[in-house]
There are 2 protein chains.
Amino acid sequence: MPANILLVEDEPAIQELIAVNLTRAGHHVVRVSDAETAERMVREALPDLILLDWMLPGMSGVELARRLRADERTRPVPIIMLTARGEEQDKVVGLDTGADDYITKPFSPRELVARIKAVLRRRAPQVTDDPVEAGGIRLDPSTHRVSANGQSLSLGPTEFRLLHFLMTHPERVHSRTQLLDRVWGDHVFVEERTVDVHIRRLRSALEQTGHDALVQTVRGSGYRFSTQLESNT
Amino acid sequence: MPANILLVEDEPAIQELIAVNLTRAGHHVVRVSDAETAERMVREALPDLILLDWMLPGMSGVELARRLRADERTRPVPIIMLTARGEEQDKVVGLDTGADDYITKPFSPRELVARIKAVLRRRAPQVTDDPVEAGGIRLDPSTHRVSANGQSLSLGPTEFRLLHFLMTHPERVHSRTQLLDRVWGDHVFVEERTVDVHIRRLRSALEQTGHDALVQTVRGSGYRFSTQLESNT
DNA sequence: CAGCTATTTGACGTTTTTGTGACAACATAA
DNA sequence: TTATGTTGTCACAAAAACGTCAAATAGCTG
């Protein structure tokens, strides 16, 4: 289960150490040295998980975590705190800010990878029933209804789940494989091309209400739900 | 929704951590360090929820849960198990004893509060004796009567409870399993498809009075009582 | 522009899910 | 007891959704 991980750590040596190990574990790591940049990146494309150093120049890790938790859109992203001190107090405060786990330096790569795996798995069944709204589309899992500017539209179960997933992970590119895993389920044996077909069905449903640029194709990579127009060269 | 919570945890530090957070979340917390005392307190005054540590000196949490489940009076009190990391397999057993949920240490206060909220909501006795009215249908539990635009119609007991439940939880989609739990009872052994049949009987009763779109099918999910028309096109 | 690859699209057969009528078991009341 | 009504289950019918393919189209590279 490879994941996109955002590593926020100012000390180059540690950054390197962590990045190497995570990459070896199959994850895709993006490195950042300060909280401000990190915040921008998170808003740009939600990572699957954030590794956040406790102490950072400028805005601290704690502060960043708090800010991310304050925003509806970034709230669900799991955060693991990297803390230098092993004090009980810090742990409490750290978790209080909304971190999902903490790990005390120095730590073994093995442990880090294990923790990440645990957090990612724990996050998985975190299916929220909360309504999602973006780009004029409103999707409510509890009533199983989708409406576009008041006008309601009907989707098959799979299209519904697909749209739900895309809307809860907006602005991010999802490969066909990822979509199959997250929308269809880990164990299904389905052609990747099938995703295309469902994307198309979803699109044509959305188009009937005038929304036609929400589900975007990223050639060679996958699909993306975005309220921003596609960037053209 | 503040609740009375009984916290059974022997380790002072964790007890403190949890208590502080729950109190901050508006709950009233009573702390106890062993199962025996806990049992006495529960019998004395039923709490709204019990947070129960898996491992306890003397009688274990599991054992306590089992005993509470065995008694008619204490059975309905929801229990959330606190388990230490790495007891994955035990989770199953824990749920088996009748726990409503479990949470693995270390956990974030945020997560704990959320779980508690979820369990309390799930357990909330939302069935009252008040008459319900929606979509031209009026249902009165106290007189056990249903009327559609004045015209009264007769339903079997099961259809009555089914309609009652649907009307008191309108617009929401209910899976067959949920309906079995809430209408038939928690642990009845009935085929899921039986729900379909009763839905059909309910529908045909309603149709005789001209109401035919109230009970809607949501393919792949379940059924829904709604006054809004099903989305078309 | 040509050649190539990736994606879109429409069609189609299959599978899954739901609707329906019938029936036997059971309870209840006359 | 019989008569009446309710309930759970089944088998089959109907409907909807699904996955796959192949042809058409679009995008990229040189």
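In what follows, chains carry the letters A, B, and so on, assigned in the order in which the sequence lines appear, proteins first and then strands, with residues in each chain numbered from 1.
- Judged as a side chain to side chain donor-acceptor pair (under 3.5 Å), and not counting sequence neighbours, the contacts of S142(A) are D140(A).
- Each of W184(A) and T158(B) was assigned the nucleotide of DNA chain D with the nearest heavy atom; the assignment lying further toward the 5' end belongs to T158(B).
- T217(A) has a side-chain polar atom (N or O) that falls below the 4.0 Å cut-off from OP1 or OP2 of dT8(C).
- The salt bridge (charged side-chain N to carboxylate O under 4.0 Å, His left out) search around R172(A) returns D48(A), not counting sequence neighbours.
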- [ ] Let me see the working for F165(B) and H174(B) under ring-ring contact (aromatic ring centres under 6.0 Å, His included), right down to the final yes or no.
- [x] CA-CA 10 Å; F165(B) 176 76; H174(B) 308 282; 4.9 Å; yes
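- Atom CG of D212(B) is separated from atom P of dT20(C) by 12 Å (rounded to the nearest Å).
- Taking R193(A) as the reference, D196(A) meet the salt bridge (charged side-chain N to carboxylate O under 4.0 Å, His left out) condition, with sequence neighbours excluded.
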Encoded 5' to 3' (Watson-Crick or G-U under 3.5 Å; [ ] crossing; | other strand), DNA chain C becomes ||||||||||||||||||||||||||||||
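- Residues satisfying the salt bridge (charged side-chain N to carboxylate O under 4.0 Å, His left out) criterion with R138(B), sequence neighbours excluded, are E133(B).
- Remark: Y223(B) engages no residue in a ring pair (Phe, Tyr, Trp, His ring centres under 6.0 Å) (not counting sequence neighbours).
- Separation of atoms OG (S226(A)) and CE (M167(A)) is listed at 12.0 Å; rounding is to 0.5 Å.
- Between E192(B) and L155(B), the residue anchored nearer the 5' end of DNA chain D, judged by the nucleotide with its closest heavy atom, is L155(B).
- Here H211(A) pairs with nothing under the ring pair (Phe, Tyr, Trp, His ring centres under 6.0 Å) rule; sequence neighbours left out.
- Nucleic acid contact for S204(A): none, since no nucleic acid atom lies under 4.0 Å from a heavy atom of the residue.
- Scanning for side chain to side chain donor-acceptor pair (under 3.5 Å) contacts around E191(B) gives an empty result, with sequence neighbours left out.
- Sequence order on DNA chain C of the closest nucleotides to S221(A) and R193(B) puts S221(A) first from the 5' end.
- Partners of R161(A) under the side chain to side chain contact (heavy atoms under 4.5 Å, CB included) rule, at least two apart in sequence or in another chain, are P157(A), T158(A), V183(A).
- Between Y223(B) and dG19(C) there is a side-chain N or O to OP1 or OP2 distance below 4.0 Å.
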Write out a two-atom table: protein N or O, nucleotide N or O from nucleotides 9-13 of chain C, distance below 3.5 Å.
residue, atom, partner, partner atom, Å
dG10(C), OP2, R200(A), NH2, 3.0

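- Nucleotide dT17(C) holds its C1' atom 15 Å from the CD atom of E191(B), rounded to whole Å.
- Under the rule for a salt bridge (charged side-chain N to carboxylate O under 4.0 Å, His left out), R201(A) has no partner lying at least two apart in sequence or in another chain.
- For R219(A) and dT5(C), the CZ to C1' distance is 6 Å, given to the nearest whole Å.
- Contacts between chain B and DNA chain D, taken as any atom within less than 4.0 angstrom of a protein heavy atom, begin and end at dT6(D) to dA17(D).
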